[in-house]
Amino acid sequence: MKVEFKQVFDRLREKKGFAFDTWGYNICIYAFGCWGDLGASLTLFKEMKLKEEEIGPDLCTYNSLISVLCKVGRVNDALKVFQELKEGSGHEPDEFTYRILVQGCSKTYRVHNATLIFNEMQYNGFRPDTVVYNSMLDGLFKARKLTEACQLFEKMIEEGVKASCWTYNILVDGLLKNGRPEAAYTLFCDLKKKGQFVDGVTYSIIVLQFCREGQLEEALQLVEEMESRGFVVDLVTITSLLISIHRHGRWDWTDRLMRHVRESDLVLSVLKWKAGMEASLKNPKSKRGDFSDVMSFITNAQDVTLDSQHGSNFQDKESSVNKIDEWSSSPHMDKLAESSLSTSQLFTPSRAQRVQEKGPDSFDIDMVNTFLSIFLAKGKLSLACKLFEIFTDAGVDPVSYTFNSMMSSFVKRGYFTEAWAILNQMGENLCPTDIATYNMIIQSLGKMGRADLASAVLDRLLKQGGYLDVVMYNTFINALGKAGRIDEANKFFEQMKSSGINPDVVTYNTLIEIHSKAGRLKDAYKFLKMMLDAGCPPNHVTDTTLDYLGREIDKLRYQRASILSERDDTS
DNA sequence: ATAGGGTTAG
C-alpha cells in the first residue's frame, strides 16, 4: 500500500502542469506521516506555505500535521506547529486540534502541557468529551499524580460528562499503579454491584494483580466469576494465569482453569500444543525456514559466551576503519547503534501491537506467544528458542510481541548481541518497536555494565523525539547505579521529576538500594524519607532493601565503636 | 482509539 501510494505520488509529481490542491496536500501529509516518512510530510507542508496565495494550509492541514507529529512521538514539534497555527495562520484550533494534542501530551507524560491545553480548550468554549477526559486521566495516573487524577474525575462527573467502562478501567488500573490496591479493589467491587461499567478488561486487570501478588487461588476464583457472568476470558488473561501457575509449579491447576473457562477450547489448545511441541522437541530434525540467520544466532546462543569478548573481537577488526565516537569504546556497538537507530520511526509513543486472537487460523501464533511467555518466565531459554524455530519454520510471520519476549529472555541472560540482532531483524520486518523493547536494551546494557552506551542510546532516542516513562527512568537509574555512577543516577532522578514524571515505589526502592550498596547510607536514608513524605507506600521489596540498609548501618556503628575503643585503648 | 506488558529485591 505504502509503495503503491508512493509510486502514484511520484508519477503525479512528475506530470507537467499538475498541482495538488489543498485536499491533495492534506491527504499526502497525513499518509506519509503515518507511514513514518515524516520528512516527506514536512517538505509538503513547507511547499504549501510557499504557495500561500493560492492554496495555503487550512485547519485540516495543521491538524493532520499535528496528529502525525504526535503519532511519531515528536510532541514538542507538534506543540510548535500548534503555536504557529494560533499565531500566524489566520486559523483557530478546533476541538480536533485540542483532542489530538491532549492525547499526544498525555501519552508521552507531558502532563503539564496536557493540562494547559485541556484548560485552553475549555476557555475557548469547547467541551471535552469522555475520550479527552479518559486521556487526561490516564496521563495523570501514569505520571503518578494520584490526587490530580481523582480531582479530575470528580470534575468530569460534575460537568456531566459520562464516564464509560474505559474510564473506570483507567481508574482501577491507575489506583493499582499508584499503590492503592485496596481502593482499586473496592472500586471494582462497587462497580460490580452496580452492574454496569465492568467488562472483561476490568476483570483482567484485577486477575493480573492477583497473579502479580502470587494469590493464585483468588485469581482463579475471579476467573470463575468472570466466566459465570458471561465475560470472555481472553488470551491476555489466560497467559497471565498460566505464567503464574507455571511459576508456582502448579500445572495441576490448569484442570481447574479448564473446568471454569467456558471457552475451555483455548486452554485445551494450549495443552494440546504443549504436548505436540514436547513431542517435536524429542524429534530434533527440523528444516530451516527463512529466518535461518536469526535462528543460528538464537540456537547457538546457548553455547557462546558473549558480550565483552565478542565486542573486543569486532573492535580489533574494525577499529582501523571506523572512527571512534567519544561516548563509546566499542566501534561495533557504534555501528549497530548507527544502523538501527537511523532507520526511520524506530520509536513511537504507541505500543507495539499485541497478538490478538483472530480465529482458528491465527491460533498457532497465539499459542506460541503464550508458551514463549511461560518458558521465558521460567528461564527455559532453550525451549523458547526451539519454539521460535518451530514456528518460523511453519512460516508464521513474527510479530513484535514475540520479538519482545525473545529479547527479554536474551537480555536476562546477558546475551545482548543476540537481542540487538533481533531488534535489527525486527526493523527489517517492519515490526514497530515500542518503549518496552527499548527498555530491554537499556536494561541489558546496564547488566553488561555499559551504562555509557545506555546513556548514548537514550540520548539518540530523545533526539529522535522519543520520551521516557517511569519504567524507562527506573531501568536507567538502576543501570547507572549498578555501574557505580551514582551521581548520574541522581541527576536522572532530578530530570525525571522536572519532566513531570513522579517517582514510584520502584524508583525509590532502586535509589535506596543503589545508595546503600555504594555505601552512601545517609543518602539511602534520605530517599526512604522522601518516599514516605511523598506518600508512597513501601512494599515487600522495600523491606528487603531496608534489611540490607539496616545491616550496613549496624556494621558502620560497630566499626565506629571499635575505632573509638581502639583510641581509648591507645590513649 | 484513551485501558490489561516491559523496571527494583531474592
Side-chain angles (χ1 to χ4, degrees), chain A residues 67 71 99-100 102-107 114 128-142 163-174 176-177 197 199-209 211-212 233-241 243 349-356 369 373 376-377 400-401 403-405 407-409 411-412 433-444 446-447 468-479 481-482 503-514 516-517 538-549:
Chain A
S67 124
K71 215 173 255 170
R99 169 191 291 218
I100 295 163
V102 166
Q103 285 174 182
C105 291
S106 277
K107 213 190 258 172
D129 61 1
T130 310
V131 175
V132 176
Y133 267 103
N134 286 353
S135 190
M136 281 295 299
L137 281 173
D138 185 51
L140 288 169
F141 276 123
K142 269 203 291 211
S164 66
C165 204
W166 280 45
T167 317
Y168 286 109
N169 287 342
I170 290 169
L171 236 52
V172 172
D173 182 61
L176 288 177
K177 277 206 184 92
F197 305 126
D199 66 358
V201 176
T202 331
Y203 273 97
S204 179
I205 293 169
I206 303 286
V207 167
L208 206 80
Q209 176 66 13
C211 287
R212 216 177 278 138
V233 182
D234 67 354
L235 196 72
V236 178
T237 320
I238 290 189
T239 307
S240 317
L241 281 162
I243 289 176
S350 44
R351 289 177 166 200
Q353 215 189 344
R354 203 184 169 97
V355 183
Q356 300 270 330
N369 281 304
S373 318
L376 296 177
S400 58
Y401 185 69
F403 279 119
N404 275 355
S405 313
M407 299 252 310
S408 144
S409 72
V411 159
K412 280 189 181 126
T433 313
D434 70 352
I435 194 158
T437 313
Y438 265 96
N439 200 29
M440 285 165 196
I441 294 175
I442 303 293
Q443 192 195 347
S444 69
K447 290 232 162 90
L468 305 183
D469 69 358
V470 221
V471 181
M472 266 285 217
Y473 269 110
N474 289 348
T475 313
F476 193 57
I477 288 174
N478 181 48
K482 292 282 151 64
D504 65 356
V505 220
V506 179
T507 323
Y508 287 116
N509 286 346
T510 310
L511 283 167
I512 294 171
E513 199 225 331
I514 62 176
S516 45
K517 291 250 158 88
N539 62 10
H540 66 286
V541 181
T542 322
D543 295 340
T544 321
T545 316
L546 287 183
D547 280 347
Y548 181 85
L549 180 63

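Everything numeric in this text was worked out from a predicted model, so none of it was measured. What's counted below: heavy atoms across the whole structure, side chains too, no hydrogens, waters or symmetry copies.
For B:dT2, its base never sits under 3.5 Å from the side chain of A:D138 at any donor and acceptor pair. With hydrogens and angles ignored, no donor-acceptor pair under 3.5 angstrom links the side chain of A:N474 to the base of B:dG6.
Counting non-hydrogen atoms under 4.0 angstrom, A:I205 reaches the backbone sugars and phosphates but no base. At the heavy-atom level, A:D199 lies under 4.0 Å from base atoms of the strands shown. Nucleic acid contact class of A:R99 (heavy atoms, under 4.0 Å, all strands): none. Using a 4.0 Å heavy-atom cutoff across all strands shown, A:K142 reaches no nucleic acid atom at all. In this structure, A:N478 reaches the sugar-phosphate backbone alone: every heavy-atom distance under 4.0 Å involves primed, P, OP1 or OP2 atoms, never a base.
Contacts of A:Y473 classified as side-chain hydrogen bond (donor to acceptor under 3.5 Å, both in side chains), with partners at least two apart in sequence or in another chain: A:Q495.
Between A:K71 atom NZ and B:dA1 atom P there is a gap of 8 Å when expressed in whole angstrom units. Distance CZ (A:R212) to C1' (B:dT7): 12 Å, rounded to an integer number of Å. Following rounding to the nearest Å, A:I170 (CD1) and B:dG4 (P) show an atom-to-atom distance of 9 Å. The separation between A:L171 atom CG and B:dT2 atom C1' is 13 Å, rounded to whole Å. Here B:dA1 presents its P atom at 12 Å from CG of A:D129, a figure rounded to the nearest Å. Nucleotide B:dA3 holds its C1' atom 12 Å from the CD1 atom of A:I206, rounded to whole Å. Nucleotide B:dG5 holds its C1' atom 11 Å from the CG atom of A:D469, rounded to whole Å. The distance from atom CG of A:N169 to atom C1' of B:dT2 is 11 Å, rounded to the nearest whole Å.
Comparing B:dG10, B:dG4, B:dT8 by their closest approach to the side chain of A:V201 singles out B:dG4. The side chain of A:S204 lies closest to B:dG4, out of B:dT8, B:dT2, B:dG4. In the set B:dG6, B:dG4, B:dT7, B:dG4 carries the atom at the smallest distance from any side-chain atom of A:L208. Which of B:dA9, B:dT2, B:dG6 sits closest to the side chain of A:V471 comes down to B:dG6. In this structure, the nucleotide among B:dT8, B:dA9, B:dA1 sitting nearest to the side chain of A:N509 is B:dT8.
Between the side chain of A:D129 and the backbone N or O of A:V132, at least one donor-acceptor pair lies under 3.5 Å. Formation of a donor-acceptor pair under 3.5 Å by the A:T510 side chain with backbone atoms of A:V506 is found in this model. Looking only at distances, no side-chain donor or acceptor of A:S67 sits under 3.5 Å from a matching main-chain atom of A:I100.
Tested against A:M472, the residues A:N474, A:D469, A:V470 include a single side-chain contact (heavy atoms from CB on, under 4.5 Å) partner, A:D469.
Between B:dA9 and A:K482, a contact under 4.0 Å exists linking OP1 or OP2 to a side-chain N or O. Dashed line: the shortest gap from a side-chain N or O of A:K177 to OP1 or OP2 of B:dA3 is not under 4.0 Å.
Between A:E513 and A:L549 there is no side-chain heavy-atom pair separated by less than 4.5 Å.
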